[in-house]
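Counting begins at 1 with the first residue of the sequence.
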Amino acid sequence: MPLSRRHKISLASAALILAVPLAAVLSLLNHADWNRAKPWLNARASEALGRPFAIEGDLSLTWAQPDSAAQPGWRGYLPWPHLQAKNVRLGNPAAMTTEIADAATVSQMAFSLSPLALFEKKIVIPQLRFDAPRLHLLRDKDGQNNWTFDKQNPSSPWRLELQSVVFSKGTVSLTDALTQAQLQADVDTLSGDARYGIAWKLSGTYHGDKLQGDGKAGSVLSLQQDSTPFPVQASVQTGKTSLAIEGTLTRPTRLAALDVRLQVSGPSMARLYALTGVLLPETPHFSTEGHLTGTLAPGGGDWVYDKFTGKVGSSDVQGKLAFSARKPRHLLQGEVHSRLLQFRDLGPLVGADSSASKSERGVTQQQPAGRVLPVETFKTERWTSLDADVRYTADKITRDADLPISDLDTHVLLNDGVLSLAPLNFNIAGGTLRSQIKLDGSGKIIPKGIAAELTASARHLHIKQLFPRLDALQASVGEINGDASLSATGNSVASLLGSSNGEVRALINRGSISKLLLEEMGLNIGSVVIAKLAGDKQVKLNCMAADFVVSKGLMQTRQFIVDTDDAVLHIDGTVNLGNEKLDLTLQPDSKGLRIFSLRSPLYVHGTFSQPDVSVDKGVLALRTGSALALAAVAPFAALLPLVNAGPADTSECAALLAQARVKPVAPAPGKKLRQ
């Protein structure tokens, strides 16, 4: 019902009557000396924050209406006090022992208060503006920090509700005992930038390494859970590792929602451990880019690096990784895929890369001169910091240009310091290699070392496909089959093989060999032997059967026979994986004096890097019967699975091994061997 004219006049008069004293009160408040209220404000703020708070400079007050969006209805017409305070100090929590007395100092601070909230013993500050702030962020070795305000003083009825923060030019420093960080950022305001309001430059040390960076951020840092995302842009570099992000952050006090584009590059993924705490393998130089989202809850958090692509050495990578901060160990899960993997990019995994590559990724331990097996130690002290469950696949692997390896599939499992590759399978040269590897680096079995187990099985590897660039091998139809079962302890590839125990067997059925072929395979020892026997001519191979027993790194031949069209080679002796020394005797049993003209034994000594092949001319086969030097031949049953794995109906090896069962008989005294 519309008000009458008389009622309208009455209400207007009443409002005027109330407005006059209210205006007088506000005028009085504006001209009052508010410095007298500082003790009360300091005490209430200290109670609400749970730490010392003090306004040491001048305190002034004005009145203004709040944002109508923040205070709808009649509350929007009620003026709010707007305070300006100079020389403000905020102390550290009482339970935190530190030489730095203040968590923050500000030359001038400005904020508005909700007057109605004070009746509920709440200090509601929609926006807090800092001029020339100096923030000192601290975290001690127990993980306690001075930037968390969630646990306010439970004995105080007063509560603080801070909704947003605006920075002007100032500095922010971080002293973190957990990460050994000593960092300082110089913050300044930006003008004319529609997205970012402040810029910063960073310098200092992190995990003992020098760190520098710069970035931008929004002008208003909102602390409300349902607020607008806060824009961030940053780039950081430590050593040769760099990291860049651009995106948004919601509720920065909790990192409730981080959504950024992340770019990372460096000499090795293992160098990211200092920045992220995530254990990754040694790699060549890498660079990746992807979508990073994360949440950080008290005591843990979850991070996802999704749809990332990049390069590791000359190989491509793509996939998704998820990291969960949990107890007792963090967890890394995901799937990674490569369309093309360069074989040489796997070298840093076991320290088999070049000295130049080691220097690039910051490894001081260099490969000793004359050593072939990698001596770089594994960093097992980090293995217990993380569990992992990652699947890695690759469509094709190349060694140089033509090694035909495809369909690599491995499941990487790390649980309480025990690393397993189960399985590690791939197709190669028309055949398959199936293996399982277990490396126990927990320290429970070997302190500061690894207890390793390996089983591997190669089947139907075609020699012709293994080396397609060698024209002389195009007619070869030989196959390779092999088995290995080893256990060992150590802290590097060299020490593991030097202490290994087990068995190694291999069988080649038909084909051809030459010095050039063995050099292509990287078998320096074999190429030297073939060069001594036949120069660089092709030697037609009917069968090669090798069976070694391994004890404490010493490989002892149980049976090693090479059958060619020209001779049968009986090989006996040892290969020492510990000191990389050779002690082998090769006895050629010539079928006809064609390529193999030697009838005395060949002695293979020296090291893996510098093998030496010699002929004992003073001990001829005709005089000593050295053609029958193998007085006993080990049972050949262990090699039968490899024979059966090949083309049994045409296998030359089956007949050879059957003959090898017969124990050679030395000739009667005075009786000559038939030439």
Evaluate the criterion side-chain hydrogen bond (donor to acceptor under 3.5 Å, both in side chains) for residue pair S242 and S265; output intermediate values, then yes/no.
CA-CA 5 Å; S242 61; S265 64; 2.8 Å; yes
With side chain to side chain contact (heavy atoms under 4.5 Å, CB included) as the criterion, how do L413 and H411 come out once you've worked through the C-alpha distance, each side chain's angles and the decisive distance to 0.1 Å?
CA-CA 6 Å; L413 295 171; H411 192 183; 3.5 Å; yes
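Looking only at side-chain heavy atoms (C-beta outward), V304 and L292 stay at 4.5 Å or farther from each other. At least one side-chain heavy atom of L582 sits under 4.5 Å from a side-chain heavy atom of F608. With a 4.5 Å cut-off on side-chain heavy atoms, V549 and M555 do not count as touching. The shortest distance between side-chain heavy atoms of H460 and N481 falls below 4.5 Å. The shortest side-chain heavy-atom distance between F378 and N491 does not fall under the 4.5 Å cut-off. With contacts defined as side-chain heavy-atom distances shorter than 4.5 Å, the pair T574/T557 does not qualify. Between P231 and Y196 the shortest side-chain heavy-atom distance falls below 4.5 Å. At least one side-chain heavy atom of Y392 sits under 4.5 Å from a side-chain heavy atom of L341.
Annotation: the span from Q212 atom CD to S235 atom OG amounts to 9.0 Å, rounded to 0.5 Å. In this structure, the separation between OG on S406 and CZ on F426 is 10.0 Å, given to the nearest 0.5 Å. To the nearest 0.5 Å, atom CD of residue E580 and atom OG of residue S609 are 7.0 Å apart. Separating the CG atom in L424 from the CG atom in L433 is a distance of 7.0 Å, to the nearest 0.5 Å. In this structure, the separation between NE2 on H285 and NZ on K240 is 8.5 Å, given to the nearest 0.5 Å. Atom CD1 of residue I450 and atom OG of residue S442 lie 10.5 Å apart, to the nearest 0.5 angstrom.
A distance-only check finds no donor-acceptor pair linking the side chain of Q556 to the backbone of V550 [under 3.5 Å]. N576 contributes a side-chain N or O that, together with a main-chain N or O of N579, makes up a donor-acceptor pair within less than 3.5 Å. Between the side chain of E503 and the backbone N or O of A484, no donor-acceptor pair lies under 3.5 Å. At distances below 3.5 Å, not a single donor-acceptor pair connects side-chain atoms of S499 with backbone N or O atoms of A488.
Using modelled atom types and a 3.5 Å distance limit, the side chains of H337 and Q318 yield no donor-acceptor pair. Side-chain atoms of T410 and N425 form no donor-acceptor pair, as typed in the model, at a separation below 3.5 Å. Counting only N and O atoms by type, the side chains of T238 and T241 include no donor and acceptor under 3.5 Å apart. Remark: the S315 side chain and the S338 side chain contain no N/O donor-acceptor pair separated by less than 3.5 Å. Residues S457 and R459 bring a donor and an acceptor atom of their side chains to less than 3.5 Å of each other. T293 and Y305 form no side-chain donor-acceptor contact under 3.5 Å, judged by distance and modelled atom types alone. Between the side chains of T432 and N427, not a single donor N or O lies within less than 3.5 Å of an accepting N or O.
You'll find the ring centres of F560 and F548 inside the 6.0 Å limit.
Salt bridge K311/D316: absent, no basic N to carboxylate O contact under 4.0 Å. In this structure, R326 pairs ionically with D387, as a charged nitrogen and a carboxylate oxygen lie closer than 4.0 Å. No salt bridge links E335 with K320; every basic N to acidic carboxylate O contact stays at or beyond 4.0 Å. A salt bridge does not link K379 with E381: none of the charged nitrogens is closer than 4.0 Å to a carboxylate oxygen. Between R261 and E289 there is a salt bridge, since at least one side-chain N of the basic residue sits less than 4.0 Å from a carboxylate O of the acidic one. A salt bridge links R139 to D176: one of the charged nitrogens lies within less than 4.0 Å of a carboxylate oxygen. Between E246 and K216 there is no salt bridge, since no side-chain N of the basic residue sits under 4.0 Å from a carboxylate O of the acidic one.
Considering every non-hydrogen atom in both L454 and I437, the closest pair reads CD1-CG1, 3.7 Å. What you find for V312 and P284 is that their closest heavy atoms are CG1-CD, 3.8 Å. Heavy-atom minimum distance, F230 versus A217: CZ-CB, 3.6 Å. Contact record, V260 with T248: CG1-N, 4.0 Å, taken as the closest heavy-atom pair. Nearest heavy atoms, V336 versus L321: CG2-CD2, 4.0 Å.
Residue R195 places its CZ atom among more than 12 non-hydrogen atoms of other residues, nucleotides or ligands, all under 6.0 Å distant.
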